[in-house]
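What follows is one structure encoded as structure tokens, with my remarks underneath.
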Number of protein chains: 2
Amino acid sequence: MEKTARAGLERVSRPRLYEQLVEQILAYIESAQLRPGDLLPAERDLAERLGVSRATLAQALVALEVLGVIDVQHGTGAVLARRPSVASVIKGLREHQSRLPEIVEARSTLEGKLAALAAERRTGDDLAAIDNALDVMAREINDGDRGTHGDELFHQAITAAAHSSVLAQLMAFIAEMILETRMESLGQPGRPEQSLASHRRIADAIRAQDPAAATEAMLAHIDLVSDVELLR
Amino acid sequence: MEKTARAGLERVSRPRLYEQLVEQILAYIESAQLRPGDLLPAERDLAERLGVSRATLAQALVALEVLGVIDVQHGTGAVLARRPSVASVIKGLREHQSRLPEIVEARSTLEGKLAALAAERRTGDDLAAIDNALDVMAREINDGDRGTHGDELFHQAITAAAHSSVLAQLMAFIAEMILETRMESLGQPGRPEQSLASHRRIADAIRAQDPAAATEAMLAHIDLVSDVELLR
DNA sequence: ACTGGCTCACTGGACTAGCCTCTTAGACAG
DNA sequence: CTGTCTAAGAGGCTAGTCCAGTGAGCCAGT
């Protein structure tokens, strides 16, 4: 979870006690072999064991609740949600444990489908937004910039044009990881121009309402901007 | 966010103050036209305005932080994250605002790819898990059950066999929504048997390491189990 | 004019103590 | 046996207090 990924220095994010508690409670759940439906120890008890106040523990429990790990019930206690898997899932995502190839894989899967849907469903407004993104990127590159802003706009416009909120949500979920890939790729000399050209091919296929061509163009594009990563 | 979706009654989940605060703060951000990087009012100030204690407000801020809406910095304040979009995104997901067709769309996109990857990458253990899931489902159906458990096991086994943690995470993210679709579908008379047969076709393609056939079989399967929904 | 160090007001971080409401099991009366 | 009541224990929330980080502004030294 960084901020200001642009050239600036990383602002050290100070550790928060509740974050540490979340880790410890997660570890406890695992070590104690707790299963969905089981109860966590009482707040007063848990707070004492962990050496923190109830107020702080309450924050950790809120975090776990938002993460979908537990369900706190007034008068009963904190019960483990039926799918504790999402815990490690989200944790893994946030910690960037996922390797780059897998991210590219997920991205191409989602964006390939989004491109096809965009070709089928795009409205005039959607097309205008896509063209605008292309203009922005072209202008950025002309100014000697990498065109990251236009690039981002373009992919957002495609996502919007697909008119599928669920897929859009999944894209948002991995957006941060993709952003890193994108920035590195556009840093390569000559890359922005190539990237812009493949964007144009995608836009043309969507304009022509050709789903198969749109998917193909999108996959080729992602292949282009991703291969730099795979050299590692 | 329900619990015990199985036949049981819904346990009324009592409203929590912090949840209400999250809504109010979200509304405030919108109404005050705050942009990424802007600061929220100070905790003491905000707590007083909302008529709650600082401890409770702190819980709401933790929730917003976990949701990715804000980033609380010691000594500075709560700054809006650069992508406030994910806020409404996750909120929308949790509230099931997404319509069924879109869920099916996302599911087929992901599982189609997962089936192809499984065909390419499955190990002997993966195959054994898939076969085991088929056995479980067959036994359940023989006992007059709907086979939901075996069904779930099967799709989990496919996901595991694809060996892509990012895609697996995305699947987990929409798993709850899919569960509902699955249960309804298998409730139809004759459906469990049809579903089992199409599972076998998927398994055969994965056994034969034929990605294209696996994707095709998976898409046909999802089509089969989903059409009941689309009748609405 | 700039640099560095200092201070201070303000911000969040965390704890404590206490009282409230809710849940549940068990005692008890019918 | 059944329904009711009660008390213990759970979480919800508040108020007050102190600690720690931030950053603007002042001021002396260069």
ask   = Can you give one letter per nucleotide of nucleotides 10-17 of chain C, going 5' to 3': B for a protein heavy atom under 4.0 Å from the base, S for sugar-phosphate only, - for none?
value = -BBBBBB-
task = For the pair B/M218 and B/R107, evaluate side chain to side chain contact (heavy atoms under 4.5 Å, CB included) and give the outcome as yes or no after the intermediate values.
result = CA-CA 10 Å; B/M218 177 62 87; B/R107 181 186 175 185; 5.8 Å; no
inquiry  = Closer than 3.5 angstrom, by distance alone: can the side chain of A/Q24 be matched with the main-chain N or O of A/L50 as a donor-acceptor pair?
reply    = no
inquiry  = Are B/L34 and B/L40 packed together at the side-chain level, in the sense that at least one heavy-atom pair is separated by less than 4.5 angstrom?
reply    = yes
query = D/dG9 P sits how many Å from A/E48 CD, rounded?
reply = 15 Å
request  = Check for a donor-acceptor pair, side chain of B/E105 on one end and backbone N or O of A/S164 on the other, with a separation under 3.5 Å.
outcome  = no
message = Taking side chain to side chain donor-acceptor pair (under 3.5 Å) as the cut-off, I'd like each qualifying pair that reaches into residues 32-41 of chain B, sequence neighbours left out, listed once.
response = none
inquiry  = Tell me the interatomic distance from A/L39, atom CG, to D/dA10, atom C1', rounded to whole angstroms.
reply    = 10 Å
